[in-house]
Amino acid sequence: MKDLKVYKKHDGQKTIVKVKNVTFNDGSFNLIAGPCSIEDRKSLEKTAQLIVKNGGKLLRGGTFKLRTSPYNFQGLGKEGVELLYEIGKKYNLVTVSEIPSICELELFIEKIDIIQVGARNMDNYPMLKELGKIKKPILLKRGPSATIEEWLLAAEYILNGGNDQIILCERGSTTFETYTRNTLDLSAALAAKKLSHLPVIIDPSHGTGRADMVSDFTKVAKFLSLDGAIIEIHENPDVALSDGFQTIDFKEYEELVKSL
Ligand code: PEP
Ligand code: MN
């Protein structure tokens, strides 16, 4: 195997990422669930209630959506951030949302518990440098065409600034395959786990683009001793405003949690 650079701060110790009542890299498996896009208060609240009922601690929700087409739903923006903040607080859930650009940094620092850097921004180096200066956990997705080394070096940009609260997330690569939206690269997740001191999770929703694969890959992530998964759930995926085809419904979510 190609020898990768030795990453800074790798003194043999794992880096524990801690936010409120949630810990990553202590051997626990953390399931992050929620809608692709936050749509309205009622649906987000129902999702939060479901997660709490099933013992979950983390709620995801897209706010400023980075969509391929400008004609698709772009998210509720700041209103979505406010909703996530309010519902997260009300139900004592740790919140996760993707920051679209450096312009929203103050808003996200104030309102979001774990700031997600999406696949499209993995190599936005000015943004990574700014995220290195803050004290919030960062969920760093692997870019769709990034090598493992490029992904780990993106994390180094944040680490180098002094923020070691980083969760790496494998979310699939763009390949020649069309049956799946992306090719979920479990070998990359295992490589990152081996090479890095940071916690590693997978996103089987974006990683496959297929609702029928989400639960199984989440179970596989646990079997592989990864640190968790981030998945898209919706009461009725058929009418979700984005990514319904890769979203599992509430019943399947409950079954998944039970089997984990
Ligand atoms: C997301 O998690 O909402 C998302 C858009 O993911 P990615 O950046 O991996 O496409
Ligand atoms: Mn999505």
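Numbering of ligands and ligand atoms starts at 1, following listing order.
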Neighbour count >12 (heavy atoms, 6.0 Å) for atom NZ, Lys18: yes
Is there a donor-acceptor pair under 3.5 Å between the side chain of Arg60 and the backbone N or O of Cys36? yes
Short question: side chain of Ser28, backbone of Thr23 - any donor-acceptor pair under 3.5 Å? yes
Take atom NZ in Lys135; do more than 12 heavy atoms of anything else shown fall under 6.0 Å from it? yes
Starting at CG of Asn25, measure out to CG of Leu198 and round the result to the nearest 0.5 Å. 7.5 Å
At what distance, to the nearest 0.5 angstrom, does CD of Glu104 lie from NZ of Lys111? 14.5 Å
Please tabulate, one line per pair, the protein N or O atoms found under 3.5 Å from any N or O atom of ligand 1, giving the distance to one decimal.
from	atom 1	to	atom 2	distance (Å)
ligand 1	2 (O)	Arg60	NH1	2.8
ligand 1	2 (O)	Gln116	NE2	2.9
ligand 1	2 (O)	Lys141	NZ	3.0
ligand 1	3 (O)	Arg60	NH1	3.4
ligand 1	3 (O)	Arg60	NH2	2.8
ligand 1	3 (O)	Lys65	NZ	3.1
ligand 1	6 (O)	Lys141	NZ	2.9
ligand 1	8 (O)	Ala119	N	2.8
ligand 1	9 (O)	Lys141	NZ	2.8
ligand 1	9 (O)	Arg171	NE	2.7
ligand 1	10 (O)	Arg171	NH2	2.8

Spell out the protein N/O/S atoms under 2.8 Å from the Mn ion (ligand 2) as residue plus atom name. Cys36 SG, His206 NE2, Glu232 OE2, Asp243 OD2
Sidechain-backbone polar pair: Gln246 side chain, Asp243 backbone, donor-acceptor under 3.5 Å: no
Hey, does the side chain of Asp113 reach the backbone of Thr95 with a donor-acceptor pair shorter than 3.5 angstrom? yes
Using the rule given for salt bridge (Lys or Arg N to Asp or Glu O under 4.0 Å), can you reason through Lys141 versus Glu98, listing the C-alpha separation, both sets of side-chain angles and the distance that settles it, and then say yes or no? CA-CA 10 Å; Lys141 297 259 194 132; Glu98 177 181 357; over 6 Å; no
